[in-house]
Every structure is written in structure tokens, then in C-alpha cells.
Amino acid sequence: MKETIIAARYAEAFVAFAAPHIGVRRVVDEMKQLRWLLRENPDLDQFLKAPEVPLSDKARVIDHVFADGYSEEIRDFLKYLIEKSRLSSLVMISDHIRIVYAHGNVVDAVLRSTFPLELETVQLIKDKLEARISRKVNLYLELDPDLLGGVQIVVGNRVIDGSIRYKLQELKNK
């Protein structure tokens, strides 16, 4: 759990640093390429993780091997991860970036309700959701009579449940 949180922080910091220079799309693509390269070349991965190899030697290899096809930002980030002994977190960092930013700054969400909602209500929910997660939302509507009332919103692997069914289940658990 702790490693996941740390990886997410590194990923968010890297995107915030690199996106203004090279764009989010290129950040995602380069992270996927980097992950693939290290997975397909275990000797390179082992070399970069080796504690007995000086950072200066690793930096030279990074600048040479990653000169074509990789931005200066990704090379600097890779050196930083090595310096902080966090290269082992690269897979989780890459996964976080891919999952969160693969569709740009837009995320899909499902709004479930027991009955059709008015357009103004849907727009209000969408606006509040976008403000809460700081991203644009493609909102899909779904009718679900099992909710018994209220709404449920699913964004990625996160569920915001304001349904009566959920509230009754909470009361039962208490």
C-alpha cells in the first residue's frame, strides 16, 4: 500500500514536471516504452539497479542508450529514480501514469440512478464531480432499480455511493 502511494506521488510529480515541456501524450508513450525496454532487457535493468555501479556511469549509459526516442525529461527522471533508489517503483509509476493519463485529462464515469434524472441535475452532478477529481468527465447514465433510490457514481476503480441500498447496508453493518 505504501509503495503504491509513493509510486503515485512520483508519477504525479513527473507528469506535472514533464507535461508542460513535452505534453501528456508523449509522457504516457515514453513511460510505456521505457517500461517495455527495461522488461525486455533484464541486463540493462540489472545494471541500472546495481548498487556497486556509480551514478555517473549509470547517467552516461542512460544518456547514450536513451538518446534516441526519449526526451531529456524522461532521462532526467530515470536518473532521479536511480539516485533516490526508487527504480524498482518504475513499473508502478508507469502503470499509474498509463491508467490516469492514457485518455489525456478526460476520465469516463458511470452515473447510476433508479430513475431518469433531469438534465440540470445530471449537469450539476457532472460539474461537482469534475471539481472533486480535477479532471474532465465523460458521464454515462445507467438505470439500476436495485439501488432503491439515490445515485451511485463509478469513476475508474472508485465508487461514490449515495444510494439508499448502500445506506441500508451501512445501517445493517452497524
Side-chain angles (χ1 to χ4, degrees), residues 1-39 69-78 80-81 86-174:
M1 179 69 163
K2 181 180 175 184
E3 285 296 318
T4 306
I5 293 169
I6 291 170
R9 286 183 181 161
Y10 273 90
E12 293 297 329
F14 176 64
V15 171
F17 164 72
H21 303 286
I22 62 175
V24 173
R25 180 81 253 145
R26 188 165 174 196
V27 168
V28 172
D29 291 343
E30 286 189 7
M31 284 304 279
K32 286 197 289 192
Q33 289 173 357
L34 178 62
R35 181 176 178 206
W36 178 86
L37 181 70
L38 293 176
R39 186 180 63 229
Y70 292 93
S71 65
E72 184 179 342
E73 288 78 9
I74 197 93
R75 292 191 310 262
D76 289 344
F77 183 62
L78 190 54
Y80 183 75
L81 289 177
R86 290 282 180 197
L87 190 60
S88 60
S89 299
L90 183 66
V91 170
M92 290 171 38
I93 293 168
S94 175
D95 286 347
H96 181 84
I97 290 172
R98 181 181 50 82
I99 290 167
V100 173
Y101 295 98
H103 299 292
N105 205 23
V106 178
V107 66
D108 291 337
V110 177
L111 171 63
R112 291 188 180 113
S113 95
T114 56
F115 56 89
L117 299 172
E118 293 183 17
L119 190 55
E120 295 83 23
T121 305
V122 171
Q123 187 61 46
L124 180 67
I125 292 170
K126 181 180 178 191
D127 292 343
K128 293 210 182 250
L129 183 61
E130 286 176 343
R132 183 173 176 178
I133 65 174
S134 301
R135 297 180 66 196
K136 286 288 188 190
V137 174
N138 288 331
L139 193 61
Y140 299 96
L141 305 176
E142 187 176 289
L143 294 178
D144 185 356
D146 292 336
L147 295 178
L148 304 176
V151 296
Q152 181 183 66
I153 303 170
V154 180
V155 183
N157 62 357
R158 220 162 79 188
V159 177
I160 303 167
D161 201 338
S163 67
I164 292 177
R165 180 183 67 187
Y166 176 74
K167 296 202 185 297
L168 289 172
Q169 184 64 40
E170 267 188 338
L171 283 172
K172 180 180 174 186
N173 291 341
K174 286 181 181 177

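As the structure is a computational prediction, the values presented were derived from the model and not from experiment.
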Measure the shortest side-chain to side-chain distance between R86 and E3 over non-hydrogen atoms and say whether it is less than 4.5 angstrom. yes
List for me each residue that meets ring-ring contact (aromatic ring centres under 6.0 Å, His included) alongside F17, sequence neighbours excluded, and say none if there are none. H21
How far apart are the closest heavy atoms of E12 and H96, and which atoms are they? OE2-NE2, 2.7 Å
How many angstroms lie between CG in L119 and NZ in K126, if you round to the nearest 0.5 Å? 10.5 Å
Go through the steps for M31 and F77 under the test side chain to side chain contact (heavy atoms under 4.5 Å, CB included), then give the verdict. CA-CA 10 Å; M31 284 304 279; F77 183 62; 4.2 Å; yes
Distance (rounded to the nearest 0.5 Å) between I93 CD1 and L87 CG: 8.5 Å
Check: T4 and M92 side chains under 4.5 Å, non-hydrogen atoms: yes
Let me see the working for R35 and V91 under side chain to side chain contact (heavy atoms under 4.5 Å, CB included), right down to the final yes or no. CA-CA 6 Å; R35 181 176 178 206; V91 170; 3.3 Å; yes
Spatial distance of atom OH (Y10) from atom CG (L81) [nearest 0.5 Å]: 7.0 Å
With D76, which residues qualify under side-chain hydrogen bond (donor to acceptor under 3.5 Å, both in side chains), at least two apart? none
Could you check whether atom CD of E142 has more than 12 heavy atoms from other residues, nucleotides or ligands sitting under 6.0 Å from it? yes
Can you establish whether the number of heavy atoms outside R39 located under 6.0 Å from its atom CZ is more than 12? yes
Shortest non-hydrogen pair, P116 vs L143, comes out as N-CD2, 3.6 Å
Could you please spell out the steps behind the side chain to side chain contact (heavy atoms under 4.5 Å, CB included) verdict for E130 and D127? CA-CA 5 Å; E130 286 176 343; D127 292 343; 4.2 Å; yes
Let me confirm one number: the CG-CD1 distance from L34 to I97, rounded to the nearest 0.5 Å. 10.0 Å
Where is the tightest heavy-atom contact between G69 and E30, given as atom of each residue plus distance? O-OE2, 3.9 Å
Using 0.5 Å steps for rounding, measure from the CD atom of E73 to the CZ atom of F14. 7.0 Å
Where is the tightest heavy-atom contact between I74 and Y70, given as atom of each residue plus distance? CG2-CB, 3.5 Å
Taking all non-hydrogen atoms of both residues into account, name the closest pair between R112 and V154 and its distance. NH1-CG2, 3.3 Å
Would D29 and Q33 count as having a side-chain donor-acceptor pair, cut-off 3.5 Å? no
L117: which of L124, V151, L141 passes side chain to side chain contact (heavy atoms under 4.5 Å, CB included): V151
For I153 versus A109, what's the shortest heavy-atom pair and its separation? CG2-CB, 4.4 Å
